[in-house]
Each structure stands twice: as structure tokens, then as C-alpha cells.
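See structure below.
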Amino acid sequence: MQYAIELYFDEETEKKLFHLSKRVADEKLSTKFLEWKTRPHLTLACFNDVDEVGCIQQLKSFALTHKKIPAYLGSVGMFNDTRTIFASPVMNADMYQLQRELHECLKDFDTTGWEWYCPDRWVPHCTLALMMEDAEDNFYRASDLILHEFSKMSGEFVSIGLVKITFPVKEIYTIELEH
């Protein structure tokens with residue numbers, strides 16, 4: 001089974017990001033992201049398999065030693081090969097350090113095949129629309145919609161969670177970062 005560690009936003013920022021995904025669905029361009037039933041997030045790491053109990057224990061310890069981080073979302077981007085539309089965070093040293101330390105904490109789990117989520121290769125993004133299964137024209141229309149409706153936002157990254165990558169995503173455990 002495949003797993004991910006996700007970094008979650010504060011409630012207000014999460015609502016703003018979810019609204020953009022909902023707009024794509026409301027315009028009947030794509031519902032796939034909503035069907036995954038996942039929260040707006042940045043994926044910090046992906047693993048081919050984990051010991052859930054052990055991973056939860058490690059996340060508890062990790063969260064106790066890491067504080068909330070300011071979150072600034074300043075632009076919109078796309079992965080054209082998968083037709084994914086996303087909001088891009090303005091990166092800072094705290095985010096890179098958090099991700100690097102998380103990987104060190106969970107180094108015993110298998111990341112093979114997930115190189116874009118490993119330190120020094122991480123492409124942080126908050127998915128807004130997954131359009132691979134939709135008509136190409138819908139991808140361009142959804143991109144235009146998000147470009148017109150997106151505005152810069154700031155908030156906080158407040159928690160991390162372990163999810164099982166199933167359809168829909170199963171949130172296994174979430175813990176708040178220290179204040």
C-alpha cells in the first residue's frame with residue numbers, strides 16, 4: 001500500500017483553496033480532485049509502505065519539535081504531463097528544513113519511485129484540479145478559471161498527517177505542529 005505525509009493549512013486558507021477546486025467542479029470542468037476527498041495540502045513525502053503504528057509514533061515526536069510555519073501562496077502552476085493545476089507556495093528555509101528533517105525521521109520507509117518528493121528534488125504544490133481524465137479543452141478552461149480567480153494568500157501550515165493513497169484518500173492520523 002502507498003502512503004503520504006501531508007502538510008496542512010490553517011482552516012481559513014484551506015477553505016480558500018478548496019473553493020477554487022469547487023469552482024472547477026461547479027463549472028463542470030472536472031470533479032476528479034473532489035472525488036479523491038482529500039484536503040488542500042502539500043505532500044512532504046511518499047512511501048511505498050509504512051508500519052502505520054510506528055509511523056504515527058514518529059509523527060507524534062516530530063510534531064512536538066516543529067512549530068507552525070507561515071504559508072504564502074503566490075502563484076498558480078501546472079504539470080502539463082498530468083494536467084494538474086496547483087497553487088505554488090513561496091518557499092522558505094523553514095519549509096525545506098521541515099521536509100528534510102521529516103525524511104530523516106522516516107528514513108527507514110521505502111521512497112523508491114517517489115523521487116519528486118525527496119529532499120533536493122521536492123516540487124511543493126497544492127493541487128487544485130486533476131484533469132488527466134478530462135477533455136484537453138476542459139484543462140485549458142479550468143486553468144483560465146483558476147488564473148482569473150486566484151489571488152495571493154497567506155496563512156499557516158498547522159499540522160501534518162499520514163494518509164493512505166487509496167481512492168478516495170484515507171486520512172489515518174493528523175497532528176498539530178507545536179505553537
Side-chain angles (χ1 to χ4, degrees), residues 3-46 66-100 102-103 114-163 165 167-169 171 174-177:
Y3 294 85
I5 306 295
E6 298 181 343
L7 182 62
Y8 297 117
F9 298 93
D10 62 275
E11 188 176 339
E12 184 179 333
T13 305
E14 188 173 298
K15 283 180 184 177
K16 289 176 185 176
L17 291 163
F18 184 77
H19 173 75
L20 291 168
S21 296
K22 182 114 172 51
R23 288 284 295 124
V24 170
D26 290 346
E27 292 296 320
K28 299 187 178 6
L29 299 171
S30 179
T31 59
K32 188 53 73 182
F33 179 76
L34 298 181
E35 291 171 21
W36 278 93
K37 299 190 185 304
T38 186
R39 298 163 52 185
H41 64 275
L42 296 186
T43 300
L44 295 169
C46 288
H66 290 80
K67 62 183 173 147
K68 296 176 182 179
I69 300 173
Y72 303 103
L73 293 150
S75 61
V76 172
M78 291 164 230
F79 296 129
N80 290 343
D81 59 337
T82 60
R83 292 199 290 214
T84 301
I85 305 167
F86 56 86
S88 292
V90 176
M91 294 305 297
N92 60 53
D94 288 340
M95 291 172 68
Y96 282 117
Q97 183 175 345
L98 178 91
Q99 196 246 6
R100 184 175 301 285
L102 177 77
H103 272 267
W114 298 100
E115 64 272 3
W116 296 113
Y117 294 98
C118 292
D120 298 325
R121 300 203 64 189
W122 186 32
V123 182
H125 61 282
C126 177
T127 300
L128 300 172
L130 296 166
M131 311 272 316
M132 189 66 157
E133 297 176 15
D134 300 295
E136 188 172 349
D137 186 57
N138 283 14
F139 171 65
Y140 294 115
R141 290 175 52 212
S143 299
D144 186 60
L145 172 81
I146 290 173
L147 284 170
H148 279 91
E149 295 195 11
F150 178 84
S151 58
K152 292 179 182 179
M153 58 185 87
S154 61
E156 282 187 305
F157 293 111
V158 298
S159 59
I160 56 174
L162 171 65
V163 300
I165 304 171
F167 188 78
V169 169
E171 199 169 308
T174 300
I175 187 166
E176 295 289 314
L177 298 169

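- The aromatic rings of His125 and Tyr117 sit tilted, their planes meeting at an angle between 30° and 60°.
- Put simply, the side chain of Phe139 reaches to within 4.5 Å of the side chain of Asn80, judged on heavy atoms.
- Annotation: side chain of Met131 is in contact with side chain of Val24 (closest heavy-atom distance under 4.5 Å).
- Leu73 places a side-chain heavy atom less than 4.5 Å from the side chain of Thr13.
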Next item on the list: Apply the test side-chain contact (heavy atoms from CB on, under 4.5 Å) to residues Thr38 and Val163: give CA-CA distance (whole Å), side-chain angles for both, the deciding distance (0.1 Å), then the verdict.
Entry: CA-CA 9 Å; Thr38 186; Val163 300; 5.8 Å; no
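- Summarising the local packing, OH of Tyr72 is surrounded by 12 or fewer heavy atoms from other residues, nucleotides or ligands at distances under 6.0 Å.
- Taken from CZ in Phe9 to NE2 in His41, the straight-line distance is 9.0 Å, to the nearest 0.5 Å.
- Here Asp120 contributes atom CG and Gln99 contributes atom CD; the two are 8.5 Å apart, rounded to the nearest 0.5 Å.
- No more than 12 heavy atoms of other residues, nucleotides or ligands sit less than 6.0 Å from atom NZ of Lys22.
- Taking both residues in full, the closest heavy atoms of Pro168 and Glu35 are given as CB-O, 3.7 Å, listed atom of the first, atom of the second, then distance.
- Ionic pairing of Glu12 and Lys15 is not present here: no N-O contact between side-chain nitrogen and carboxylate oxygen is shorter than 4.0 angstrom.
- Nearest heavy atoms, Thr82 versus Thr84: OG1-OG1, 2.9 Å.
- By the 4.0 Å N-to-carboxylate-O rule, Glu149 lies close enough to Arg23 to be salt-bridged with it.
- The structure places NZ of Lys68 at 14.0 Å from CG of Leu98, a figure rounded to the nearest 0.5 Å.
- From Met153, atom CE reaches atom CG of Leu20 across 5.5 Å, with rounding to the nearest 0.5 Å.
- Here the side chains of Met95 and Leu42 are in contact, with some heavy-atom distance below 4.5 Å.
- Judged by distance alone, with hydrogens and angles left aside, the side-chain atoms of Ser21 form no donor-acceptor pair with the main-chain N or O of Leu34 at under 3.5 Å.
- Using a cutoff of 4.0 Å between basic side-chain nitrogens and carboxylate oxygens, Arg39 and Glu6 are not scored as salt-bridged.
- For the pair Leu162/Ile5, a side-chain contact is recorded, criterion being any heavy-atom separation below 4.5 Å from C-beta on.
- Put simply, the side chain of Ile85 reaches to within 4.5 Å of the side chain of Met78, judged on heavy atoms.
- A perpendicular orientation is assigned to the rings of Tyr96 and Trp122, their planes being inclined by more than 60° (bins at 30° and 60°).
- For Tyr8 and Phe157, the ring centers are positioned 6.0 Å apart or more.
- Remark: Trp116 pairs with Arg121, Val123 by the side-chain contact (heavy atoms from CB on, under 4.5 Å) rule, at least two apart or across chains.
- Listed for the Asp10 side chain is no donor-acceptor partner under 3.5 Å among the backbone atoms of Gly155.
- Here the straight-line distance linking atom CZ of Arg83 with atom CG of Asn138 works out to 9.0 Å at 0.5 Å rounding.
- Inter-residue side-chain proximity for Lys37 and Glu171 is flagged as unmet; no heavy-atom pair is nearer than 4.5 Å.
- We find the CZ-CZ distance between Phe86 and Phe150 to be 11.0 Å, quoted to the nearest 0.5 Å.
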